[in-house]
Undergrad: 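Pasting in a structure now, in structure tokens, and then I'll have a few things to ask.
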Amino acid sequence: MSPSVSDVLDTPHFREGLGGLAAKHELPLATVEDRARRALEAMWTRHDPWASGLWRRFGHLVSKRYALEVDEEGLHQVAELDRRHPLVLLFSHRSYLDTWLLRDAVDRAGLAPIIALAGANLSFWPMGAVIRRTGGLFIRRDAKDDDVYRYALRGYMRYLLETQQNLGWSIEGGRTRTGKLRPPRFGALSYVVDSLRSSTGPEVYIIPVSVVYDQLGEVATLAGEALGGRKRPEDLRWLMEFSATQARVGGTARVDFGEPLPLREHILALEADPKRRPVLVERVALETCHRINRVTPPTASAVVTLALLGAGRALTLEEITATVDPLLEHLLRPPHPPLMGVDPSAAPTEWIHESLEQLLAAGVVERFDGGESAVYYIAPNQHLVAAFYRNTL
């Protein structure tokens with residue numbers, strides 16, 4: 001039988017907590033239980049084979065212009081842990097393509113399906129109905145003062161982990177507007193930490209995940225929002241425009257897996273230090289972010305835009321190569337991950353020229369051919385877009 005809302009409501013620790021909430025708010029237990037049931041029903045998710053197949057095909061359609069690279073060694077390690085432990089995959093968030101690409105990566109390793117937390121802003125028709133049937137758990141962002149809703153979410157996440165199901169969400173809580181990893185959000189992670197501290201189930205492993213693109217169609221929109229532009233609400237029209245944008249831009253996307261973090265073991269180590277105990281969740285989140293950054297690969301577009309933005313003037317291909325040469329000596333030295341999407345045997349001038357051509361096609365860079373040698377420079381009003389690529393370094 002498939003699990004149901006009643007399976008969560010009927011667990012002893014959940015019912016005990018409902019009683020505490022009823023006493024705290026001076027409400028009848030039946031009222032609190034009804035509110036918790038309705039909250040669970042609103043967030044309940046499952047993996048329906050038909051809907052999952054449909055969602056996978058749609059993901060392939062919108063991401064087909066990207067060649068996906070996967071950290072196979074890291075994925076193999078994650079697959080080994082998946083056989084014995086529930087996992088929490090916390091990923092960097094640069095695009096709405098992230099979850100599709102991550103699902104592709106874990107599917108090829110045969111991992112158990114992921115219950116992916118998502119903002120309720122994505123729960124619009126028909127997308128919301130499909131996502132709920134593909135392991136998407138929609139959560140409200142306006143529940144700060146709703147104790148019953150937050151308690152129901154915490155109880156649901158604990159139930160999922162105790163039944164050895166995998167969870168996943170963006171550690172940043174939303175897409176980066178700058179290319180840098182945003183400060184981590186603590187809400188959902190605190191529920192996982194609380195669940196682990198109050199249960200005797202198996203060890204839970206946090207899997208830090210980096211998702212990076214050498215070109216990205218959403219960057220111009222993200223840069224506009226960083227300047228204070230209004231974020232467009234997600235709806236059916238937005239979905240159609242997003243799909244059309246992906247059809248115009250492509251390149252290489254890469255998924256890398258950081259060093260797994262045994263959460264209960266890490267919690268015990270933090271609790272042993274009186275200074276770290278009050279900020280335990282924050283320390284877990286920051287450690288996860290550090291591990292994401294350590295496996296985030298440099299991209300050719302990041303190296304090129306670093307040179308052009310730093311110079312503040314137009315550069316020839318040879319000048320760009322000379323500018324980044326000292327950086328490459330550092331980046332290509334272990335333990336740094338290799339340059340993404342670049343043939344390691346290729347000369348720097350080859351892949352730098354190829355990256356310049358891609359940035360030219362995207363309108364981020366322009367070229368002047370009227371002198372002795374062609375020179376490249378950041379196109380007008382494209383400096384924030386270029387900075388987005390640079391900041392992935």
Undergrad: Heavy atoms only: give me the nearest L189-V281 pair and the separation to one decimal.
TA: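 Looking at all heavy atoms of both residues, the closest pair is CD2-O, 4.0 Å.
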Undergrad: Please check this pair: side chain of D10 against backbone of D7, looking for a donor-acceptor N/O pair closer than 3.5 Å.
TA: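 Side chain of D10 to backbone of D7, a donor-acceptor pair under 3.5 Å: no, none is there.
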Undergrad: To the nearest 0.5 Å, what is the distance between CD on E234 and CG on L239?
TA: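 Going from CD on E234 over to CG on L239, the span is 10.0 Å.
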Undergrad: Within the supplied structure, the quantity of interest is the number of heavy atoms (other residues, nucleotides, ligands) at a distance under 6.0 Å from R294 CZ; does it exceed 12?
TA: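 Check passes, neighbour count above 12.
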Undergrad: Under the criterion side-chain contact (heavy atoms from CB on, under 4.5 Å), which of L137, V8, V88 is the partner of L160?
TA: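 For L160, the side-chain contact (heavy atoms from CB on, under 4.5 Å) test succeeds with only one of L137, V8, V88, which is L137.
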Undergrad: Under the side chain to side chain donor-acceptor pair (under 3.5 Å) rule, collect the residues that match up with S301, sequence neighbours excluded.
TA: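 S301 satisfies side chain to side chain donor-acceptor pair (under 3.5 Å) with T299 only.
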Undergrad: D34 side chain to T31 main-chain N or O, any donor-acceptor pair under 3.5 Å?
TA: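 No.
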Undergrad: Closer than 4.0 angstrom, basic N to acidic O: yes or no for D107 and R56?
TA: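 Here D107 pairs with R56 in a salt bridge, since their nearest N and O are under 4.0 Å apart.
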Undergrad: Once ring pair (Phe, Tyr, Trp, His ring centres under 6.0 Å) is applied, do any residues pair with Y213, and if so which ones, sequence neighbours excluded?
TA: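 Y213 satisfies ring pair (Phe, Tyr, Trp, His ring centres under 6.0 Å) with Y66 once adjacent residues are dropped.
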Undergrad: For R140, I'd like to know if atom CZ has over 12 heavy atoms of other residues, nucleotides or ligands within 6.0 Å.
TA: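 Yes, CZ of R140 has more than 12 neighbouring heavy atoms, counting only those of other groups under 6.0 Å.
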Undergrad: With a 4.0 Å cut-off, would you call E162 and R158 a salt bridge?
TA: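 Yes, charged N to carboxylate O under 4.0 Å.
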Undergrad: Side chain to side chain donor-acceptor pair (under 3.5 Å) with E72: which residues, sequence neighbours excluded?
TA: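 Expected list: R108.
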Undergrad: Within a strict 4.5 Å, meaning less than it, do heavy atoms of the S6 and R37 side chains meet?
TA: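 Counting from C-beta outward, S6 and R37 do come under 4.5 Å.
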Undergrad: Quick check: do V375 and L315 have side-chain heavy atoms less than 4.5 Å from each other?
TA: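 They are not in contact (no side-chain heavy atoms under 4.5 Å apart), so the answer is no.
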Undergrad: Not counting sequence neighbours, which residues clear side chain to side chain contact (heavy atoms under 4.5 Å, CB included) with A129? List them please.
TA: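 Side chain to side chain contact (heavy atoms under 4.5 Å, CB included) check on A129 returns R133.
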Undergrad: Could you tell me if the side chain of V303 sits less than 4.5 Å from the side chain of L339, heavy atoms only?
TA: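 Side chain of L339 against side chain of V303, heavy atoms only: contact under 4.5 Å found.
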Undergrad: Can you list every pair that meets side chain to side chain donor-acceptor pair (under 3.5 Å) and has a residue in residues 78-87, with sequence neighbours left out?
TA: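 Qualifying pairs: E80-R83, D82-N166.
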Undergrad: Counting only heavy atoms from other residues, nucleotides and ligands, does the tally under 6.0 Å from NE2 of H76 exceed 12?
TA: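 It does not: H76 NE2 has 12 such atoms or fewer within range.
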Undergrad: Can you list every pair that meets side chain to side chain donor-acceptor pair (under 3.5 Å) and has a residue in residues 370-386, with sequence neighbours left out?
TA: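 Residue pairs with at least one partner in residues 370-386: E366-Y377.
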Undergrad: Could you tell me the separation between the NE2 atom of H13 and the CG atom of L18, rounded to the nearest 0.5 Å?
TA: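 Reported value, rounded in 0.5 Å steps: 10.5 Å.
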Undergrad: Might you point out which heavy atoms bring V385 and A220 nearest each other, and give the distance in Å?
TA: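 Distance-wise, the nearest heavy atoms are CG2-CA, 4.0 Å.
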Undergrad: Who are the salt bridge (charged side-chain N to carboxylate O under 4.0 Å, His left out) partners of D343, not counting sequence neighbours?
TA: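 With sequence neighbours excluded, D343 shows a salt bridge (charged side-chain N to carboxylate O under 4.0 Å, His left out) to no residue whatsoever.
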Undergrad: Nearest 0.5 Å, what's the NE2-CG distance between H25 and L21?
TA: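 One finds 5.5 Å between NE2 of H25 and CG of L21.
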Undergrad: Among all residues two or more places apart in sequence or in another chain, which pass the side chain to side chain contact (heavy atoms under 4.5 Å, CB included) test with D325?
TA: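 So D325 forms a side chain to side chain contact (heavy atoms under 4.5 Å, CB included) with E329.
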Undergrad: Could you check whether any side-chain N or O of R94 sits under 3.5 Å from a backbone N or O of V211, counting only pairs where one atom can act as donor and the other as acceptor?
TA: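 Yes.
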Undergrad: May I have the list of side-chain donor-acceptor pairs in residues 253-263 shorter than 3.5 Å, sequence neighbours left out?
TA:
{"residue": "R254", "atom": "NE", "partner": "D256", "partner atom": "OD1", "Å": "3.1"}
{"residue": "R254", "atom": "NE", "partner": "D256", "partner atom": "OD2", "Å": "2.8"}
{"residue": "R254", "atom": "NH1", "partner": "E69", "partner atom": "OE1", "Å": "3.4"}
{"residue": "R254", "atom": "NH2", "partner": "D256", "partner atom": "OD1", "Å": "3.1"}

Undergrad: Are R367 and E357 within salt-bridge range, i.e. N to O under 4.0 Å?
TA: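 Counted as a salt bridge, because a side-chain N and a carboxylate O are separated by less than 4.0 Å.
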Undergrad: Considering only heavy atoms from C-beta outward, does the side chain of M127 approach that of D235 to under 4.5 Å?
TA: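 Result no, sub-4.5 Å side-chain heavy-atom pair not found.
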Undergrad: Do the side chains of V209 and L102 get nearer than 4.5 Å, heavy atoms only?
TA: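 Result yes, sub-4.5 Å side-chain heavy-atom pair found.
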Undergrad: The criterion is salt bridge (charged side-chain N to carboxylate O under 4.0 Å, His left out); which residues satisfy it with E265, sequence neighbours excluded?
TA: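 Not a single residue meets the salt bridge (charged side-chain N to carboxylate O under 4.0 Å, His left out) criterion with E265.
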Undergrad: Side chains of L87 and V204, heavy atoms from C-beta outward: is any pair under 4.5 Å?
TA: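 No - every pair of side-chain heavy atoms lies 4.5 Å or more apart.
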Undergrad: Answer whether the closest heavy-atom distance between the side chains of L317 and I352 falls below 4.5 Å.
TA: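 L317 reaches I352 side chain to side chain.
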Undergrad: Please collect all ring pair (Phe, Tyr, Trp, His ring centres under 6.0 Å) contacts where either partner lies in residues 133-173, sequence neighbours excluded, each pair once.
TA: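 Of all non-adjacent pairs touching residues 133-173, those that pass ring pair (Phe, Tyr, Trp, His ring centres under 6.0 Å) are F14-Y151, W44-Y156.
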Undergrad: Is there side-chain contact between P348 and V324, with heavy atoms separated by less than 4.5 Å?
TA: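 No, every pair of side-chain atoms sits at 4.5 Å or beyond.
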Undergrad: Side chain to side chain donor-acceptor pair (under 3.5 Å) with R197: which residues, sequence neighbours excluded?
TA: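 Per chain and number, R197 pairs via side chain to side chain donor-acceptor pair (under 3.5 Å) with E271.
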Undergrad: Angle between ring planes, H93 versus Y96, binned at 30° and 60°: parallel, tilted or perpendicular?
TA: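 Correct class here is perpendicular.
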Undergrad: Do the rings of F58 and W100 sit parallel, tilted or perpendicular, given the 30° and 60° boundaries?
TA: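 Taking W100 first and then F58, their aromatic rings stand perpendicular (interplane angle over 60°).
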